[in-house]
Amino acid sequence: MNAVTSTLQTGAPRIALVGNPNCGKTALFNALTGSRQKVANYAGVTVERKEGSFLTPEGRRVQVLDLPGTYSLRARSPDEEVTRDVVLGRFRGEAEPDLLVCVADATNLRLVLRLVLELKMVGRPLLLALNMFDIARHRGIEIDVDRLSAELGVPVVPTVAVRKAGTVDLLKRIDAAAEGLVPATGAGNTWHEPSAEEVRATHREAERIIKLAVRPPTRPDTWTARLDSVLLNPVAGLAILLTILFFMFQAVFTWAQPVMDGIKAGFDALSAWINGAMPDGLLRSLITDGVIAGVGSVVVFLPQIVILFTFIILLEDFGYMPRAAFLMDKIMGGAGLHGRAFIPLLSSFACAIPGIMATRVIDNRRDRLATIMVAPLMTCSARIPVYTLIISAFVPDRTVGGAFSLQGLVMFGLYAAGILSALLVAFVMRRLVWRGTVEPFLMELPAYKVPDVKNLVMGVWTRAKAFLQRAGTTILSIMILIWFLSSFPGAPEGATEPAIDYSIAGMVGHWLQPLVAPIGFNWQMTVALIPGMAAREVAVAALGTVYAVGGGEENVSALMDTLGHSWSLATALSFLAWYVFAPQCASTLGVVRRETNSLRWPVIMFVYMMTLAYLASLATYHVAASLGWA
């Protein structure tokens with residue numbers, strides 16, 4: 001069957017959720033599909049694709065696609081282009097939806113009505129879901145649903161995605177609409193790129209319908225006004241934002257420790273059991289020194305990554321993220337970045353890959369490229385295992401001022417170094433490469449809302465599962481390779497040095513060591529840096545494997561002790577400085593290649609970040625050595 005044939009012909013209607021950003025579309029998607037969803041990328045692009053299925057009250061199986069947010073089919077960014085092309089049936093290999101469900105924030109209908117009028121011109125069946133209808137009613141906004149439906153000429157259904165029964169009416173409407181659906185062929189598609197006059201006409205029509213069907217509240221929303229008066233204040237708001245970030249990084253280090261200790265104990269017990277149950281030999285070494293020491297030393301940091309993602313998702317659901325971007329606009333602009341760059345850069349705290357993909361919300365290519373080039377400087381979650389290992393080994397576990405963890409303060413300092421370096425590099429790039437003024441920052445501030453527990457749990461679980469899959473595939477395969485390189489060939493007869501010195505890894509490490517000697521690195525660190533090019537967090541597992549094969553124990557605590565005795569403080573600080581800047585993630589470079597459609601930009605990124613990393617480590621090591629820390 002042709003790839004773009006309607007799914008009606010296979011018995012499963014296919015609907016697409018369309019709407020403005022921050023309208024609650026993803027919450028509605030989660031409410032409809034639950035766990036029956038999958039996340040991937042559209043073929044040929046790095047725009048995220050969410051697809052799932054659900055059963056209607058009549059028992060009909062429906063496929064649903066959550067499209068990226070857009071304000072118009074007049075696409076101006078890669079995200080909006082995907083939404084436009086899928087809706088119009090122009091996306092390669094993508095079936096045209098049988099039914100469009102436009103999701104609207106019921107508290108702010110002005111912008112979405114223009115989108116609805118554009119979607120009507122597509123010629124496909126259309127429903128309008130008024131999401132967050134309870135919030136609108138609580139604020140005193142009166143919406144005449146029947147009048148709105150009559151004026152638009154489409155069915156209108158109130159929904160409350162975060163409530164258990166909040167989608168019942170929508171499901172009934174979908175059932176009713178499915179009865180009369182015909183296969184999508186694109187023949188009825190009459191949409192075209194509107195002229196300036198047509199855009200103005202659509203705007204006037206939306207304003208007319210708003211006046212007829214929506215009555216504004218007789219009392220203002222004082223809570224939103226009160227919160228914004230503080231959170232958007234140039235001084236108080238910025239102080240609150242920095243406090244939130246500081247608290248987040250403190251929590252990442254302190255709250256996760258009990259769970260991390262439990263995971264460590266589990267892997268230690270498993271390793272001890274295998275050592276007792278299996279005879280000494282290569283197979284036991286592979287399992288304990290390669291698999292358990294490698295994967296275990298990465299999985300142990302899962303609690304910290306879960307805490308980081310929990311904070312980010314909570315801030316997004318609450319509606320704080322756009323306000324943080326608004327606050328940072330002047331700072332970002334001073335560094336030559338667009339105000340919209342804040343959210344991609346903040347997303348890069350979790351991982352640079354979604355952060356780089358999130359730059360698609362920036363319309364101007366020059367502003368977008370500038371953001372892409374500095375996103376990997378933000379401290380991603382893959383650096384957490386490295387930072388935690390070195391900080392725990394060299395920074396005393398004590399409090400400062402009776403309240404703050406010294407280790408957490410050092411972690412915050414590393415995050416701050418990443419942020420400041422990103423702003424500085426962006427400033428230099430915009431002055432030397434992309435000269436010109438930054439475009440003005442316009443953003444629709446969503447309504448504040450209580451975060452939904454279900455959305456939070458599903459979001460955190462999706463990201464945690466991705467991390468575990470990475471640990472079980474990429475990291476596992478790399479660690480087996482490192483174990484092999486560290487074990488073969490074995491030490492010759494009568495050898496006096498550790499066996500690893502005679503292995504392939506040892507030979508490579510000794511050969512490269514003169515290049516990194518000026519920055520205080522030994523050959524074992526060099527061996528760890530090489531697989532770290534595939535994924536940053538692998539460096540911890542690599543160090544664990546290298547030192548385990550050299551005679552150390554395989555658990556993380558023993559590795560901390562080993563490093564504490566093997567490295568000087570100057571070397572440890574140099575290693576941390578290296579990780580602030582080094583582009584040690586092949587996946588990130590691959591995404592930059594796809595997002596920019598050019599090999600030039602990932603090469604430039606790799607070269608400038610490697611240069612910064614070497615210079616920063618060189619300066620850090622020699623300054624620390626001059627203080628007597630070598």
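Numbers here simply count residues along the sequence, with the first being 1. Bear in mind the structure is a predicted one, so any value in this text is a computation, not a measurement.
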Novice: Where is the tightest heavy-atom contact between D228 and R323, given as atom of each residue plus distance?
Specialist: OD1-NE, 2.7 Å
Novice: What is the minimum heavy-atom distance between F521 and S574, and which atoms define it?
Specialist: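 Closest pair (atom of F521, atom of S574, distance): CE1-OG, 3.4 Å.
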Novice: Starting at CG of L456, measure out to CG of N30 and round the result to the nearest 0.5 Å.
Specialist: 11.0 Å
Novice: Are the side chains of L512 and V516 in contact, using a 4.5 Å heavy-atom criterion?
Specialist: no
Novice: Please examine the side chains of Y579 and I390, heavy atoms only from C-beta on, and report whether any two atoms are closer than 4.5 Å.
Specialist: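 Answer no - side chains too far apart.
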Novice: Keeping Q407 on the side-chain end and V395 on the backbone end, is there a donor-acceptor pair under 3.5 Å?
Specialist: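 Side chain of Q407 to backbone of V395: a pair is present.
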Novice: I need the M373 CE to M609 CE distance, nearest 0.5 Å.
Specialist: 9.0 Å
Novice: Show the nearest heavy-atom pair for residues L377 and F581, with the distance to one decimal.
Specialist: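 Nearest pair, atom of L377 first, then F581: CD2-CD2, 3.9 Å.
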Novice: Are any side-chain N or O atoms of D66 and backbone N or O atoms of F29, one a donor and one an acceptor, separated by less than 3.5 Å?
Specialist: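 No, because the side chain of D66 does not come within donor-acceptor range (under 3.5 Å) of the backbone of F29.
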Novice: Which atom names give the shortest non-hydrogen contact between S53 and V64, and what distance separates them?
Specialist: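 Smallest interatomic distance, heavy atoms only, reads N-CG1, 4.2 Å.
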Novice: Hey, does F575 have a side-chain heavy atom less than 4.5 Å from the side chain of V386?
Specialist: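 Yes, at least one pair of side-chain atoms sits under 4.5 Å.
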Novice: Using modelled atom types and a 3.5 Å cut-off, is there a donor and acceptor pairing between side-chain atoms of T388 and backbone atoms of P385?
Specialist: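 The answer is no, because no donor-acceptor pair under 3.5 Å joins these two groups.
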Novice: Enter the distance from L314:CG to F318:CZ here, rounded to the nearest 0.5 Å.
Specialist: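 Rounded to the nearest 0.5 Å, the CG-CZ separation comes out at 10.5 Å.
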Novice: Locate the shortest heavy-atom distance separating R284 from I274; write the atom from each residue and the value.
Specialist: CD-O, 4.0 Å
Novice: Contact between L409 and F246 at the side-chain level, heavy atoms closer than 4.5 Å - yes or no?
Specialist: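 Side-chain contact under 4.5 Å: yes.
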Novice: Measure the spacing between OG1 of T399 and CG of L406 and express it to the nearest 0.5 Å.
Specialist: 9.0 Å
Novice: Looking at L231, L232, V235, N233, which one forms a side-chain contact (heavy atoms from CB on, under 4.5 Å) with I240?
Specialist: L231
Novice: Between W567 and Y621, does the ring centre distance come in under 6.0 Å?
Specialist: no
Novice: Does a side-chain heavy-atom distance below 4.5 Å link V259 with V306?
Specialist: no
Novice: Check T379 against Y415 and note the closest heavy-atom contact, atom names and distance.
Specialist: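 Nearest pair, atom of T379 first, then Y415: O-CE2, 3.4 Å.
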Novice: Given the rule in the side-chain contact (heavy atoms from CB on, under 4.5 Å) test, do Y320 and L241 qualify, once you have shown the distances and angles that lead to the verdict?
Specialist: CA-CA 10 Å; Y320 182 72; L241 173 60; 3.4 Å; yes
Novice: Between atom CE of M378 and atom CD1 of I356, what is the distance when rounded to the nearest 0.5 Å?
Specialist: 12.0 Å
Novice: Could you give the distance from CH2 (W578) to OG1 (T571), rounded to the nearest 0.5 Å?
Specialist: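 So the CH2 of W578 and the OG1 of T571 are separated by 14.0 Å.
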Novice: Can you tell if the side chain of I263 reaches within under 4.5 Å of the side chain of P303, non-hydrogen atoms only?
Specialist: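 SC-SC contact between I263 and P303 confirmed.
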